[in-house]
Engineer: 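Sharing a structure below in structure tokens format, with a few things to ask.
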Amino acid sequence: MGVINVTPDSFSDGGQFNDSSLAVEQALLLVEQGADVLDIGGESTRPGAEEVTVEQELKRVIPVIEALSAQTTVPISIDTYKPQVMRAAIDAGASMINDVNGLRAPGAIEVAATANVPVCIMHMQGQPQTMQAKPQYESVVAQVEAFFKQRVSTALDAGIKLNDIILDPGIGFGKTLKHNLELLKSVAQLRESTGCQMLIGVSRKSLIDMLLGRVVDQRLPASLGLAVQAILNGAKIVRVHDVRETYDAIRAVEAVCNS
Ligand code: 8Y7
């Protein structure tokens, strides 16, 4: 899954793709590089980021989704927790929902069920503005697992198909370094206990800074190592900024696994 931020404040690309045509160009480049899904987001969820209004978010993402769906058959995922944005994005050609809030906003689960598309339900403790202040768990893996089971049950009750549910432990979303490492170690267990496919996002994240002291443009080697490990542990999708590099790393390792 290739990341396209259509925001002026996303930490990893400095907002250079905040113009729709640049975002479309970048997305098509990621397709050439091997992306199987494009994740289009119009509101930064990095720790401390400001919220944007529905109108602002629609203005950012809808033109990009419309243009892209005319130019590529690669599935487009809408990265939002707002039901109005989900609905408009689906109407504009998106065919997957990526919700960092796990379909917990009022109306989100109904929109996802009606849209009848795959949904990624991510775990987050707290809200983006404050989530890194003091993340606390008795057992992070057990609590994320319990959250997944509750959300899957609610999603199924709302009419979402089990096969359409993808789960994500939300690396960096209300978690300390230790919590993130425990979750990354438990991908296979989380997949087995829920019966759902897993998505993992570690690309350029600050846990790499905490581990190695790397600024954002020095995080590619660790991002690749963690992405490969997630796949070897059974993750189905990795959400990444550096598609070509991740594609090569995973394909090379898979060749050995499949030999
Ligand atoms: C994730 C994500 C972000 C993630 C899923 C960043 C939107 C922060 N991270 N969605 N979004 N999983 N499913 O660093 O880990 O890219 S935004």
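Numbers here are sequence positions counted from 1. Because the structure is predicted, anything quoted here is derived from the model rather than measured. Each ligand, and each atom within it, is numbered from 1 in the order the structure gives. Only heavy atoms go into these numbers, but all of them, side chains included; no hydrogens, no water, no symmetry mates.
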Engineer: Looking only at side chains, do S21 and E25 share a donor and an acceptor under 3.5 Å apart?
Structural biologist: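 Note: S21 and E25 side chains miss the donor-acceptor criterion.
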Engineer: What atoms of ligand 1 come closer than 4.0 angstrom to any heavy atom of D79?
Structural biologist: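 With D79 as reference, the close atoms of ligand 1 come out as 7 (C).
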Engineer: Taking 4.0 angstrom as the limit and counting only heavy atoms of N98, give me the atoms of ligand 1 inside it, by number and element.
Structural biologist: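 By the 4.0 Å cutoff, the relevant atoms are 5 (C), 7 (C), 10 (N), 13 (N).
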Engineer: Give a yes or no on whether Y247 atom OH has more than 12 heavy-atom contacts from other residues, nucleotides or ligands under 6.0 Å away.
Structural biologist: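 No.
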Engineer: Closer than 3.5 angstrom, by distance alone: can the side chain of S203 be matched with the main-chain N or O of H241 as a donor-acceptor pair?
Structural biologist: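 Yes: the side chain of S203 pairs with the backbone of H241.
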Engineer: Under the ring pair (Phe, Tyr, Trp, His ring centres under 6.0 Å) rule, what pairs show up with a residue in residues 190-228, not counting sequence neighbours?
Structural biologist: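 Listed by first then second residue: nothing to list.
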Engineer: Heavy-atom count around N163 CG within 6.0 Å, excluding the residue itself: above 12?
Structural biologist: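 Counting neighbours around CG of N163, 12 or fewer heavy atoms of other residues, nucleotides or ligands fall under 6.0 Å, so no.
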Engineer: Have a look at L58 and tell me which of V52, T80, T53, V85 forms a side-chain contact (heavy atoms from CB on, under 4.5 Å) with it.
Structural biologist: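 That would be V85; it is the only one of V52, T80, T53, V85 passing the side-chain contact (heavy atoms from CB on, under 4.5 Å) with L58.
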Engineer: Against heavy atoms of C120, which atoms of ligand 1 measure under 4.0 Å?
Structural biologist: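 Result: 13 (N).
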Engineer: Any nitrogen or oxygen of D39, main chain or side chain, under 3.5 Å from a nitrogen or oxygen of ligand 1?
Structural biologist: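 By distance alone, the answer is no.
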Engineer: Is V202 touching ligand 1 with its side chain, its backbone, both, or neither, if touching means heavy atoms under 4.0 Å apart?
Structural biologist: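 Within the 4.0 Å criterion, V202 makes no contact with ligand 1.
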Engineer: Between S69 (side chain only) and A92 (backbone N and O only), is there a donor and an acceptor less than 3.5 Å apart?
Structural biologist: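 Side chain of S69 to backbone of A92: a pair is present.
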Engineer: Check for me whether G170 has a heavy atom closer than 4.0 Å to any atom of ligand 1.
Structural biologist: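 For ligand 1, residue contact (heavy atoms, under 4.0 Å) with G170 is absent.
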Engineer: Is it true that R87 and D91 make a salt bridge, defined as a side-chain N closer than 4.0 Å to a carboxylate O?
Structural biologist: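 The answer is yes: the pair qualifies as a salt bridge.
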Engineer: Distance under 4.0 Å to a non-hydrogen atom of V100: what atoms of ligand 1 satisfy this?
Structural biologist: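 Listed by number with element, the hits are 2 (C), 7 (C), 10 (N), 11 (N).
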Engineer: Using a plain distance cutoff, I'd like to know if R239 has any nitrogen or oxygen under 3.5 Å from a nitrogen or oxygen of ligand 1.
Structural biologist: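 Among all N and O atoms of R239, at least one is under 3.5 Å from an N or O of ligand 1.
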Engineer: Would you mind listing which atoms of ligand 1 come within a distance below 4.0 Å of any non-hydrogen atom of L199?
Structural biologist: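 Listed by number with element, the hits are 13 (N).
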Engineer: Just which atoms of ligand 1 are under 4.0 Å from any heavy atom in G201?
Structural biologist: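 Under 4.0 Å from G201, ligand 1 has these atoms: 15 (O).
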Engineer: If you measure from each non-hydrogen atom of I200 to ligand 1, which part falls under 4.0 Å: side chain, backbone, both or neither?
Structural biologist: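 Neither part.
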Engineer: Below a 4.0 angstrom heavy-atom separation, can you tell me which part of K205, side chain or backbone, both or neither, approaches ligand 1?
Structural biologist: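 Side chain only; the backbone of K205 stays clear of ligand 1.
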